[in-house]
Amino acid sequence: MFPPDPDPETGWQPPLPLAQDLRQTTAGLHERTETLLGLPDSIADRADYMAWLGHYLALYEPLENRMAAFDGWRDLGPFDPDPGHSRRLIRDLDDLGIDARRLGRAPAAVCPSLANFAQALGARYVLEGSALGGKVILRHLQARIGDAIGPATAFFGGPSHPEAGHWRTFKAALDRFGDEHPDERADVLAGAAATFMALLEWFTPFMAERRA
């Protein structure tokens, strides 16, 4: 999608659609996160897989709880306040014989504070976007260690709805929100950036330990 054309008389240029603005603004953080995680090659066996799922859950569950605390989702469209990643992580861990209740969670200081719904929407953008590549990662993992992980594929396998259609619907909702609440766009961008930074902070020591 090309940027909107500027007004030929005044030179004023309308803002980008919010979804496009988010993608461009956070592109560097997105690339840093993907490089740090190095998936799917970073998961070599069943033990790795369990460690990764537990580490994701430790950050995602408190983050999703903070997101669900806002009631703006009903106005946004047909979106559950809970994206469901934590539920799928717990299901996978259970299938692997791990009681998720006994696992630690990320310190509150690591999780983005999300002061308002717009910031929560930015965080949701990061989580929804991160799920898009899950099935590709899962195919590689199943080819390499599929027998070891068995049916524990809910997290990377993603939600039951078609991801592409859901992502388009979510981006359209983002764009509507940006058009209807132009004064809150900066908060959406800030929420997305803070979520990427939280992922980087949470996974950097994890990856350093695994590569040592």
Item to check | CD (E209) with more than 12 external heavy atoms under 6.0 Å | outcome: no
Next on the checklist: Using side-chain heavy atoms (C-beta onward) and a distance below 4.5 Å, is I90 in contact with E61?
Outcome noted: yes
Checklist entry - If we only count heavy atoms from C-beta on, is the W52 to S42 side-chain gap below 4.5 Å? => result yes
Checklist entry - Does any non-hydrogen side-chain atom of E34 lie less than 4.5 Å from one of H30? => result yes
Checklist entry - Is there a donor-acceptor pair under 3.5 Å between the side chain of R144 and the backbone N or O of Q142? => result no
Checklist entry - For Y60 and H85, which heavy atoms make the closest approach, and how far apart are they? => result CD2-CB, 3.5 Å
Next on the checklist: So L29 and R32, do their side chains get closer than 4.5 Å, heavy atoms only?
Outcome noted: yes
Item to check | Reference residue L53; test side chain to side chain contact (heavy atoms under 4.5 Å, CB included); the match among I149, L93, D95 | outcome: L93
Checklist entry - Looking at side-chain heavy atoms only, is the closest gap between L59 and H55 below 4.5 Å? => result no
Checklist entry - Of all heavy-atom pairs between L96 and A148, which one has the smallest distance, and what is that distance? => result CD2-O, 4.3 Å
Can you give each donor-acceptor pair under 3.5 Å made by side-chain atoms of residues 106-126, sequence neighbours left out, with the distance rounded to 0.1 Å?
from, atom 1, to, atom 2, distance (Å)
N116, OD1, A118, N, 3.2
N116, OD1, Q119, N, 2.9
N116, ND2, D187, OD2, 2.9
Q119, OE1, A115, N, 2.9
R124, NE, E128, OE2, 2.6
R124, NH1, D80, O, 2.9
R124, NH2, D80, O, 3.1
R124, NH2, E128, OE2, 3.2
Y125, OH, R23, N, 3.4

Checklist entry - Where is the tightest heavy-atom contact between T35 and R211, given as atom of each residue plus distance? => result O-NH2, 4.1 Å
Checklist entry - Quick check: are there more than 12 heavy atoms from other residues, nucleotides or ligands sitting under 6.0 Å from CZ of R74? => result no
Checklist entry - So do H181 and V188 actually touch side chain to side chain, heavy atoms under 4.5 Å? => result no
Checklist entry - Out of curiosity, does L39 fall in the hydrophobic cluster containing V136 (side-chain heavy atoms, cut-off under 4.5 Å, transitive links)? => result no
Checklist entry - With a 4.5 Å limit on heavy-atom distance, are the side chains of Y56 and W202 in contact? => result no
Next on the checklist: Please give me the minimum heavy-atom distance between P83 and P81, naming the atom from each residue.
Outcome noted: CD-O, 3.4 Å
